[in-house]
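Mind having a look at this structure? Questions to follow.
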Amino acid sequence: MTITTREIHLAQRPSGLPGPETYRFVERELRELRDGDVLVENVVLSVDPYMRPRMNDVKSYVPPFRLDHALDGGAIGRVVESRSERLPVGSLVRHQLGWREHAVVADRFAQPVELNGHPSSYYLGVLGMPGLTAYAGLFDVAAFKAGDAVFVSAAAGAVGSLVGQFARLAGAERVVGSAGSAEKVALLVDELGFDAALDYRESPIEPQLAAAFPDGFDVYFDNVGGDHLAAALEHIREWGRVALCGSISGYNEAGTPMLPGNMFKAIGKRLTMRGFIASDHGDLREEFEAVVGQWLTEGAVVYRETAWEGLDAMPEAFSGMLTGSNVGKAYVRLLPDPA
Ligand code: NDP
């Protein structure tokens with residue numbers, strides 16, 4: 001059977017926010033299946049910040065996207081043809097060939113997904129990579145313990161909204177988040193149980209943080225870098241811990257995001273600052289899925305997501321997420337979930 005797919009290629013490397021010229025929609029015939037392959041029809045596609053630095057020709061922990069090749073990223077799809085005993089026709093799989101409608105995937109690169117009553121998109125979010133990022137970053141990297149006061153940036157997003165709630169459920173003294181609109185700030189306090197939230201677009205973050213934590217805080221979960229990291233360094237307590245998760249304020253800038261000028265504060269305050277990548281924390285996956293799955297079932301975690309529809313919406317979803325149009329996890333839905 002010959003299958004044609006539509007996929008999105010990187011037409012040129014963006015400078016600043018990616019625009020329509022960044023992408024090319026291409027129709028392409030997929031190769032025949034070999035032993036162990038499955039043909040997957042994608043159902044939901046992930047939209048993640050790390051994809052933006054990958055559009056630059058810069059060495060990092062993942063190679064840059066190649067010009068004139070399909071972009072890739074997390075996706076959940078349904079197996080429609082199979083030469084794998086492990087992955088029969090009709091099963092759902094999580095894999096890395098997003099940004100396209102169909103893909104031929106070798107079964108070692110596809111994990112079966114049992115929905116367990118949740119929508120498929122949850123396995124790209126709260127029960128997927130962003131959920132593990134929040135869990136590993138808070139409990140392992142930042143060594144959170146009950147009684148800690150926690151500040152998290154990009155707090156209304158996929159990772160940040162979970163960090164704040166996980167900290168609260170695990171006995172934080174106080175949880176404060178920052179976000180980019182009055183609506184997001186209200187959501188954090190009214191629905192997600194944060195003790196306070198700061199709108200960094202309304203006024204500079206540093207004085208707001210000082211007022212929110214007159215006695216400082218123990219843990220900063222950094223999703224933003226730049227002004228947020230600088231402000232956190234001013235107000236974190238001695239012996240504080242910083243989980244360096246992301247630096248989204250610099251992703252659309254040319255070159256590598258800069259560190260703040262007050263890094264010196266880390267010395268006198270004896271801070272532990274640790275960068276991390278979620279995929280290094282696979283050892284926590286089983287525990288994370290059990291704990292967070294239970295919290296979701298109990299309704300202890302409020303989970304939000306923002307969906308766009310159809311492959312054509314992928315570029316808009318991506319720049320929308322980079323500029324804050326999303327609440328919770330951003331993704332694109334191509335097909336309804338299988339019944
Ligand atoms: P989000 O769902 O949080 O979406 C990104 C959000 O970033 C936007 O909604 C926007 O919200 C905020 N933002 C954009 N520009 C700025 C800015 N200049 N200053 C402050 N906030 C800004 O994405 P994720 O939860 O998926 O990712 C959050 C962070 O975590 C990113 O830095 C990402 O790279 C990182 N990450 C790291 C991983 C790792 O393994 N280390 C894994 C996954 C994510 P707002 O309206 O509030 O501005």
Side-chain angles (χ1 to χ4, degrees), residues 16-18 46-55 60-62 73-74 121 124-126 128-138 140-142 151-166 177-188 192 194 197-202 204-206 208-209 220-232 242-253 256-258 260 273-282 284-285 288 303-308 317-331:
L17 190 66
S46 195
V47 177
D48 296 293
Y50 78 88
M51 295 167 173
R52 176 62 189 86
R54 283 193 74 193
M55 290 178 170
S60 180
Y61 67 99
V62 270
S121 53
L124 297 177
V126 60
M129 185 272 282
L132 179 62
T133 304
Y135 192 88
L138 183 68
D140 183 15
V141 179
F151 172 49
V152 54
S153 50
V159 173
S161 61
L162 297 174
V163 169
Q165 295 185 80
F166 294 172
S178 64
S181 72
E183 293 75 23
K184 288 186 179 183
V185 160
L187 168 85
L188 293 176
L192 271 51
F194 283 58
L198 319 173
D199 180 352
Y200 74 90
R201 286 193 213 267
E202 170 71 26
I205 190 68
E206 192 274 320
Q208 293 194 67
L209 191 58
Y220 173 45
F221 194 106
D222 186 27
N223 288 319
V224 166
D227 58 343
H228 279 70
L229 181 53
V242 181
L244 295 168
C245 177
S247 201
I248 197 164
S249 65
Y251 288 177
N252 283 313
E253 309 290 328
T256 304
M258 298 300 285
M273 302 179 71
R274 198 175 140 203
F276 75 103
I277 297 297
S279 53
D280 293 334
H281 293 268
L284 284 175
R285 182 172 293 282
F288 146 72
Y303 182 56
R304 297 290 294 264
E305 35 185 28
T306 303
W308 283 258
F318 186 53
S319 33
M321 179 276 301
L322 289 171
T323 50
S325 311
N326 62 310
V327 173
K329 174 67 188 149
Y331 74 94

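Atoms within a ligand are numbered from 1 in the order they appear, just like the ligands themselves. Quick note: numbers below take in every heavy atom, side chains included, and nothing from hydrogens, waters or symmetry partners.
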- Task: Record the part of D227 in heavy-atom contact with ligand 1 below 4.0 Å; permitted values are side chain, backbone, both and neither.
- Result: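 Near ligand 1, D227 shows nothing, with every heavy atom at 4.0 Å or more.
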- Item | ligand 1-proximal atoms of N223, by part, heavy-atom distance under 4.0 Å |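 It is both parts that get close, each with some atom under 4.0 Å.
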- Message: To the nearest 0.5 Å, what is the distance between CG on D48 and CG on L322?
- Response: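 If we round to the nearest 0.5 Å, D48:CG and L322:CG are 10.0 Å apart.
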- Query: Which residue supplies the protein heavy atom nearest to atom 7 (O) of ligand 1, what is that atom called, and how far is it?
  - Reply: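 It is I248 CD1, 3.5 Å.
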- What's the shortest distance from atom 41 (N) of ligand 1 to any protein heavy atom, and which residue and atom give it?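 Checking every protein heavy atom, the shortest distance to atom 41 (N) of ligand 1 gives F276 O, 2.8 Å.
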- Query: Of all the non-hydrogen atoms in the protein, which one sits nearest to atom 44 (C) of ligand 1, and at what distance?
  - Reply: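 The answer is V159 CG2, 3.9 Å.
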- Output yes when the distance from some N or O of ligand 1 to some N or O of S178 is under 3.5 Å, and no in every other case.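 No, there is no polar N/O contact under 3.5 Å.
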- Distance filter under 4.0 Å to A179 heavy atoms, resulting ligand 1 atoms: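 Counting from 1, the qualifying ligand atoms are 47 (O).
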- Message: Assess the residue pair N326 and Y331 against the criterion (side chain to side chain contact (heavy atoms under 4.5 Å, CB included)); give the C-alpha distance rounded to whole Å, side-chain angles, the decisive distance to 0.1 Å, and a yes or no.
- Response: CA-CA 9 Å; N326 62 310; Y331 74 94; over 6 Å; no
- Task: Output yes when the distance from some N or O of ligand 1 to some N or O of R201 is under 3.5 Å, and no in every other case.
- Result: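 By distance alone, the answer is yes.
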- Query: Which is it for S249 and Y200 under the side chain to side chain contact (heavy atoms under 4.5 Å, CB included) test, yes or no, and what are the steps along the way?
  - Reply: CA-CA 12 Å; S249 65; Y200 74 90; over 6 Å; no
- Can you check whether V62 reaches R54 side chain to side chain, under 4.5 Å on heavy atoms?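 In contact.
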- Task: With heavy atoms of A278 as the reference, note each atom of ligand 1 found under 4.0 Å away.
- Result: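 Once the distances to A278 are compared, the set is 39 (C), 40 (O).
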- Where's the contact between V224 and ligand 1, heavy-atom distance under 4.0 Å: side chain, backbone, both or neither?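 It is the side chain that gets close, since no backbone atom is under 4.0 Å.
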- Query: Does ligand 1 have a heavy atom under 4.0 Å from the side chain of M321, from its backbone, from both, or from neither?
  - Reply: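 Both backbone and side chain of M321 come within 4.0 Å of ligand 1.
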- Relative to the heavy atoms of G328, which atoms of ligand 1 are at a distance of less than 4.0 Å?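 What qualifies from ligand 1 is 2 (O).
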- For atom 9 (O) of ligand 1, what's the nearest protein heavy atom and its distance?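 The answer is N326 OD1, 2.6 Å.
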- Item | Any R285 side-chain heavy atom under 4.5 Å of L132 side chain |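 Yes - at least one pair of side-chain heavy atoms lies under 4.5 Å apart.
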- Item | Working for side chain to side chain contact (heavy atoms under 4.5 Å, CB included), residues T133 and V163 | CA-CA 9 Å; T133 304; V163 169; over 6 Å; no
- Item | Atom indices of ligand 1, in the order listed, that fall short of 4.0 Å to a heavy atom of G157 |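 By the 4.0 Å cutoff, the relevant atoms are 1 (P), 2 (O), 3 (O).
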- Separation between CZ of F166 and OG of S161, rounded to the nearest 0.5 Å: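 These two atoms lie 8.5 Å from each other.
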- Task: Looking only at protein heavy atoms, identify the closest one to atom 34 (O) of ligand 1 and say how far it is in Å.
- Result: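 The protein heavy atom lying closest is Y251 OH, 2.7 Å.
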- Item | Euclidean distance, D140 CG relative to Y135 OH, rounded to 0.5 Å |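 The distance works out to 10.0 Å.
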- Task: From the options K184, H281, E305, select the one whose nearest heavy atom is closest to atom 45 (P) of ligand 1.
- Result: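 The nearest heavy atom belongs to K184.
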- Query: Which of the listed options, G246, A155, C245, A134, holds the heavy atom that is closest to atom 36 (N) of ligand 1?
  - Reply: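 Among G246, A155, C245, A134, the closest heavy atom to atom 36 (N) of ligand 1 comes from C245.
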- Query: With only distance considered, is A158 within less than 3.5 Å of ligand 1 through an N or O on each side?
  - Reply: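 Yes, A158 has an N/O under 3.5 Å of an N/O on ligand 1.
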- Task: Look up atom CZ in R274 and atom CG in D222, then write down how far apart they are to the nearest 0.5 Å.
- Result: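 Going from the CZ atom of R274 to the CG atom of D222 covers 15.0 Å.
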- Message: Below the 3.5 angstrom mark, is there an N/O of S249, backbone or side chain, next to an N/O of ligand 1?
- Response: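 Looking only at distances, the answer is no, because the N/O contact criterion of under 3.5 Å is not met.
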- For ligand 1, which atoms, with element, lie under 4.0 Å from some heavy atom of M129?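 The atoms of ligand 1 under 4.0 Å from a heavy atom of M129 are 42 (C), 43 (C).
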- Less than 3.5 Å between some nitrogen or oxygen of T133 and one of ligand 1, yes or no?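 Among all N and O atoms of T133, none is under 3.5 Å from an N or O of ligand 1.
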- Query: When rounded to the nearest 0.5 angstrom, what distance separates OG in S319 from CG in L17?
  - Reply: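 It is 5.0 Å, given to the nearest 0.5 Å.
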- Query: Does V126 offer a backbone N or O that forms a donor-acceptor pair with the side chain of Y303 under 3.5 Å?
  - Reply: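 Yes, the answer is positive, given that a donor and an acceptor are paired below the 3.5 Å cut-off.
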- Message: Can you confirm whether I248 sits close enough to Y251 that some side-chain heavy atom of one is under 4.5 Å from a side-chain heavy atom of the other?
- Response: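 I248 vs Y251: side chains touch.
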- When you measure from atom 26 (O) of ligand 1 to each heavy atom in P49, S247, G180, which option holds the nearest one?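 The residue whose heavy atom sits nearest atom 26 (O) of ligand 1 is P49.
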- Item | F151 side chain near H228 side chain, heavy-atom distance below 4.5 Å |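 A side-chain contact under 4.5 Å exists here.
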- Query: Can you find an N/O atom of Y200 closer than 3.5 Å to an N/O atom of ligand 1?
  - Reply: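 Yes; the residue has a nitrogen or oxygen that sits under 3.5 Å from a nitrogen or oxygen of the ligand.
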- Message: Rounded at 0.5 Å granularity, tell me how far CE in M55 sits from OH in Y50.
- Response: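 Interatomic distance, M55 CE to Y50 OH, rounded to 0.5 Å: 10.5 Å.
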- Message: Under 4.0 Å from a heavy atom of L322: which atoms of ligand 1 are those, numbered in the order shown and with their elements?
- Response: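 This gives 14 (C), 15 (N) as the contact atoms.
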